[in-house]
Amino acid sequence: KIMEEVKLGDYIFMGMGKCAGQTVCMSVAYKIEYCIKKAEAFEKLSNDIVKFTKISKVRVGELEAKESFNTKGETIKN
């Protein structure tokens, strides 16, 4: 049922971080607030091994972020 509601062209928010020099996805959500909440929880559970760095707004089906935000949800340059 959930997948029926998601269409190509809809946006998702991806909480991104760094771990051992690699960029990793920490959370995925349809609302930025939930994305931040889950990425912060991931960072805490990792004992700060994984550092939450930004949120990427990505159109479903595409590879590049359309917009990026800092860990507080404020717009930053891509």
Side-chain angles (χ1 to χ4, degrees):
K1 176 86 178 156
I2 291 174
M3 290 310 294
E4 293 172 7
E5 296 172 13
V6 178
K7 301 180 296 289
L8 285 176
D10 286 348
Y11 286 100
I12 56 172
F13 294 93
M14 298 173 64
M16 305 303 290
K18 289 283 187 181
C19 180
Q22 296 292 314
T23 300
V24 297
C25 180
M26 301 169 70
S27 61
V28 177
Y30 294 104
K31 296 187 181 220
I32 194 168
E33 296 84 4
Y34 190 72
C35 182
I36 292 169
K37 177 182 175 180
K38 291 311 211 175
E40 288 174 341
F42 189 114
E43 182 178 57
K44 184 177 179 181
L45 287 170
S46 78
N47 292 318
D48 291 328
I49 293 170
V50 182
K51 296 289 186 189
F52 179 30
T53 58
K54 70 176 184 176
I55 300 114
S56 295
K57 182 178 178 181
V58 180
R59 191 181 296 267
V60 174
E62 294 186 4
L63 301 175
E64 297 293 322
K66 295 294 179 191
E67 197 172 354
S68 294
F69 306 89
N70 66 17
T71 59
K72 303 294 183 213
E74 302 161 334
T75 301
I76 58 174
K77 292 183 180 182
N78 274 351

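Note that these values count all heavy atoms, side chains included, but never hydrogens, waters or copies made by symmetry. Position 1 is the first residue of the sequence; numbering continues from there.
Here the closest non-hydrogen pair linking Phe13 and Phe69 is CE2-CE1, 3.9 Å. Summarising the geometry of Met26 relative to Ala39, their closest heavy-atom pair is CE-O, 3.3 Å, with the distance given to 0.1 Å. Between Ala65 and Val58, the shortest heavy-atom contact is CA-CG2, 4.0 Å. Nearest heavy-atom pair, Ile36 versus Thr71, reported as atom, atom and distance to 0.1 Å: CG2-O, 3.7 Å. Shown here for Thr75 and Glu67, the closest heavy-atom pair between the two residues is OG1-OE2, 3.5 Å.
Placement of Met14 and Tyr34 in two distinct hydrophobic clusters is found when ILVMFWY residues are connected by side-chain heavy-atom separations under 4.5 Å, directly or transitively.
Using a 3.5 Å distance cut-off with no hydrogens or angles, the side chains of Thr23 and Lys18 do pair a donor with an acceptor.
Lys72 contributes atom NZ, which lies 9.5 Å from atom CD1 of Ile55 (distance to the nearest 0.5 angstrom).
Side chain of Ser27 to backbone of Cys35: a donor-acceptor contact under 3.5 angstrom is found. Listed for the Thr53 side chain is a donor-acceptor partner under 3.5 Å among the backbone atoms of Met16.
Counting heavy atoms from C-beta on, the side chains of Glu43 and Asp48 come closer than 4.5 Å.
For the side-chain hydrogen bond (donor to acceptor under 3.5 Å, both in side chains) with Tyr11, the lone residue among Lys57, Glu62, Arg59 that qualifies is Arg59.
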